[in-house]
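Working notes, beginning with the structure itself.
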Amino acid sequence: MSSNKLPNAPETSNEAKDTDWVRVTSADGFAFLIRRKIANVSGTMRSMLDTQSNYAEAVSSTCPVEQRGIIVEKMLEYMSFRAHYEGVGSKEEVLIHEITERIPPEIVLELLLAADYQEGALNHTSLSTIPNVL
Amino acid sequence: MATALRSRTKPKIKPPRQLAPEFSSEETWTQLATNIREIQNQNARNLSFEENHRFGYNLVLYRHGEMLYNGLKGLIMENLDTLANEQITPVFPNSGGQDLMQGSQEAELLCKAVTKVHEDHCSNMVKLGQILKYMDRVYTNSAAVPGTWELGRILFREHIMLDSIRTHVINAILNQIRFEREGYVVNRSAIKGSVEVFTGLDSEDGKSTLYELYLEPAIITESESYYKAEGEKLLQLSDASAFLQRVEERYQSEDSRAHHYLSSVTASPLRAILKEHLLSPHIQTVILLPNSGLDVMIDSQKMEDLSRLYHLYSGVPTGLPCLKRALRESILQRGREINRLSVVVDEVDEDRGGGENEEGNSKRKGKIAKIKSANTGASQWVQNVLDLKDKFDTIWKHCWQSDRELESTLDEAYSSFVNMNDKAPEFISLFIDDHLRRGLKGKTDTEVDAVLDKTIIVFRFISEKDIFERYYKNHLAKRLLHNRSVSDDAERGMLAKLKVECGFQFTQKLEGMFHDMKLSDEHMGHYRTYLGRLQSSPPELELSVTIMTATFWPMSQAPPSCRLPPLMTQACNSYQRFYNTRHSGRRLTWLASLGNADVKVRFKSRQHELNVSTYALVILLLFQNLGDGETLSYSDIKEATGIDDLELRRQLQSIACGKYKVLKKHPPGREVKDSDVFHFNEGFQSDLHKIKIAVVSAKVESGEERKETRDRVDEERKHQTDACVVRIMKDRKHMSHNDLINEVTRQLASRFQPEPFNIKKRIENLIEREYLERCDDRKSYNYLA
């Protein structure tokens with residue numbers, strides 16, 4: 001799901017670089033350090049970290065995610081995957097099975113919910129292939 | 001599908017965890033509303049994004065989207081109203097515009113306030129849009145209401161851009177623009193901010209922005225009236241050059257204004273206003289301003305002003321035509337002045353000449369001055385024309401980007417004033433004569449060449465090229481016969497130039513003259529060897545003969561007869577015999593009037609070598625055998641020589657009344673009368689051994705001569721027209737009257753401007769001579785072979 005861009009809303013401000021580290025915390029106390037570029041795959045996280053609006057999360061560069069650690073981990077995995085393939089030429093094949101194979105079926109629904117909340121963290125096409133894999 | 005799946009799948013998919021088991025929409029909204037107010041108060045950094053995002057998420061998820069949306073709307077409206085009341089209304093201008101400075105400050109304040117409110121509002125809406133993004137994704141689309149950002153814009157328009165506030169803001173912006181136009185410094189960023197409020201908002205129907213709807217028309221109306229007044233004011237206060245400078249500044253400042261803080265779309269209407277109201281109504285007045293207009297600029301070579309003038313005028317549709325008109329006027333006026341000057345010189349000459357006739361003697365200086373000034377009159381005229389053209393060409397090249405349209409205007413103007421002077425062809429020919437005559441100017445070949453090149457340019461403007469040809473032929477003949485031309489190369493160079501201009505036919509006869517000169521030289525060589533081989537003794541005097549083909553040379557066919565003394569006749573006969581042995585069947589006619597002779601004369605003090613015309617020699621020979629004190633009367637001389645009156649008088653004048661008085665006249669005086677008596681002046685003295693007498697120099701023709709030339713030219717034109725008509729008809733066989741006239745005019749235009757009436761007369765003449773016949777329709781002609 002693509003994120004709707006707001007007019008006039010800058011995606012990243014001058015101070016915020018793509019290579020900054022940001023912290024993502026889970027509901028059960030896990031913390032992950034990821035590049036801002038990867039966090040920006042999620043529309044929600046991007047807004048959260050937007051230095052222009054400067055909410056408390058942006059000030060501390062920390063994104064709390066109200067999910068279990070395993071869900072957050074999988075979600076970040078996907079986001080890295082997606083960030084990796086973003087902007088590559090259409091000729092290169094996106095090896096979608098590499099990510100779908102690594103999603104345990106037990107958490108699929110939970111992941112789906114989290115993704116919906118995170119706005120585009122997982123796209124529906126990739127998720128819809130999961131039942132077939134199972 | 002589902003059954004197939006179930007049968008295969010082992011692992012169980014767990015239901016997702018319940019996130020918020022106890023959910024109260026009212027409570028959530030209350031908390032969110034508080035936070036939204038905090039955001040509106042710029043306190044976002046104290047709030048958790050995650051928390052508020054979740055509030056919005058939950059409200060939408062639990063189907064309270066409508067409540068959330070309406071609540072948000074209410075909060076935004078509330079906030080906007082507060083902002084309007086607190087920040088905008090208090091700074092409404094109230095001075096009523098009496099004081100310029102105060103009014104401007106108030107306007108600036110208002111602009112700033114509006115900008116600030118708009119900026120705050122926008123940043124709020126961005127933040128709200130971020131936390132309520134889930135609502136924008138899920139609720140607004142399905143409920144068919146505008147999203148958060150769009151809602152913000154609509155509410156801003158409805159609550160801030162009300163008529164009451166908008167009018168004030170527009171007035172403030174106009175005030176600031178006017179203030180800046182008056183030359184004061186304004187806070188451009190404040191204006192830019194408030195203009196951006198207008199450009200950023202759409203009108204209710206969504207088709208145009210508020211800027212297009214309200215602000216732009218206001219600016220345009222205001223600018224129109226401003227520049228209308230400005231134009232009048234400028235015209236009264238400043239001269240043309242300052243006016244143009246100001247206009248150019250206005251162009252630039254309006255352009256920069258539009259690009260800096262108005263919309264770039266407005267740049268072109270503003271420019272149009274400037275053109276239409278500031279420049280166009282005044283172009284005529286400015287260019288004709290008596291003390292600073294076009295004429296003065298040209299006179300004082302104000303290159304910068306002139307290029308500015310061109311630049312500005314070429315931008316408006318009426319500009320170039322106006323410039324062209326003024327330019328033509330200016331050139332014509334200058335041309336008339338040049339023409340008038342040359343006429344004045346002429347008239348002075350004639351007056352002086354007349355005066356001499358009555359007063360008789362002691363006016364030798366006057367005579368010399370006359371010759372001089374007549375010649376300089378012609379050269380002066382050409383020089384003036386060249387200078388004028390140079391002047392305008394420089395301007396044209398440097399200031400007017402070599403504009404083709406202007407070039408044709410210039411050429412047209414030159415040619416019309418050049419042709420206004422009916423002596424132009426003669427003057428130009430004289431001018432060329434001056435430069436091609438040997439050793440007159442002390443100029444180098446390249447200089448002469450450059451001058452002649454320029455002369456060709458003037459020549460191009462002449463419409464009556466055949467007249468020029470006639471004069472040129474005369475002058476060339478004199479140069480060739482008297483061996484005075486500076487060099488053969490220079491003459492041929494000039495011919496080549498004329499050939500390029502007017503084609504082969506034009507120079508055919510001139511080239512024939514050169515050819516004759518060459519042939520004559522060869523003949524003389526042969527003649528000398530012929531004389532050497534001859535048994536009988538050669539004639540006593542050395543003869544040099546130039547054979548001229550009658551059709552090439554402009555000399556009159558029937559020579560004034562002259563009785564040559566036997567000595568000379570003998571020499572002539574000798575040559576004639578020689579010539580007839582080489583070319584049988586050719587008739588030689590001796591033109592003694594064009595020749596000259598070297599003769600040694602012994603005076604009392606010493607012997608001098610005189611170079612005189614052949615006629616003068618004939619006259620002098622009459623005195624050879626006379627004793628001391630013997631005299632010959634005018635009628636004696638006339639009878640003995642058979643020279644006609646006019647020519648004889650001139651010859652006598654040159655040897656008896658000129659600088660070197662070889663003969664003495666009784667009574668002394670400048671004019672030769674029938675009763676005068678002459679005797680040989682034995683007491684003649686001069687420092688020079690070799691003396692040249694009676695330089696018949698080329699000079700401006702007198703009225704009578706001119707008339708004669710004119711008649712001859714007219715005669716020639718008749719033949720040319722005849723030839724042209726026949727040529728055309730031979731080709732076409734049948735042609736309507738009008739077509740024929742047009743074609744003839746076109747073909748003859750390179751030589752002269754034929755009158756339709758004259759062509760018609762020639763056609764009638766041709767019909768009489770049965771070259772053509774009139775068709776039955778009375779409008780066309782057939783060619784009769």
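A note on names: the letters A, B, ... follow the listed sequences, proteins ahead of strands, and every chain is numbered from 1.
- Heavy atoms closer than 4.5 Å to chain A are found in both the backbone and the side chain of B:S48.
- A:S47 and B:K133 make their closest contact through OG-NZ, 3.2 Å (heavy atoms, listed as atom of the first residue, atom of the second, distance).
- Around CZ of A:F30, the count of heavy atoms belonging to other residues, nucleotides or ligands within 6.0 Å does not exceed 12.
- In terms of the ring pair (Phe, Tyr, Trp, His ring centres under 6.0 Å) criterion, residue partners of A:F81 (sequence neighbours excluded) are, by chain and number, A:Y85.
- Residue A:S60: no heavy atom, backbone or side chain, is found under 4.5 Å from chain B.
- Here the closest non-hydrogen pair linking A:D116 and B:Y134 is OD2-OH, 2.8 Å.
- Other residues, nucleotides and ligands place more than 12 heavy atoms under 6.0 Å from the CZ atom of B:R166.
- Of all the heavy atoms in B:F49 and A:T44, the pair that sits closest is CE2-O, 3.6 Å.
- A:D50 and B:Q130 make their closest contact through OD2-NE2, 2.5 Å (heavy atoms, listed as atom of the first residue, atom of the second, distance).
- More than 12 heavy atoms of other residues, nucleotides or ligands lie within 6.0 Å of CD in B:E78, so this atom counts as buried by the packing criterion.
- Listed here is the closest heavy atom pair of B:E51 and A:E57: N-OE2, 4.5 Å.
- Around atom CD of B:E66, no more than 12 heavy atoms belonging to other residues, nucleotides or ligands sit under 6.0 Å away.
- Residue B:E50 comes nearest to A:M48 through the heavy atom pair OE1-CE, 3.7 Å, listed as atom of the first residue, atom of the second, then distance.
- The main-chain N or O of B:K127 is found under 3.5 Å from a side-chain atom of A:Y55 such that the two form a donor-acceptor pair.
- Taking B:H64 as the reference, nothing meets the side-chain hydrogen bond (donor to acceptor under 3.5 Å, both in side chains) condition, with sequence neighbours excluded.
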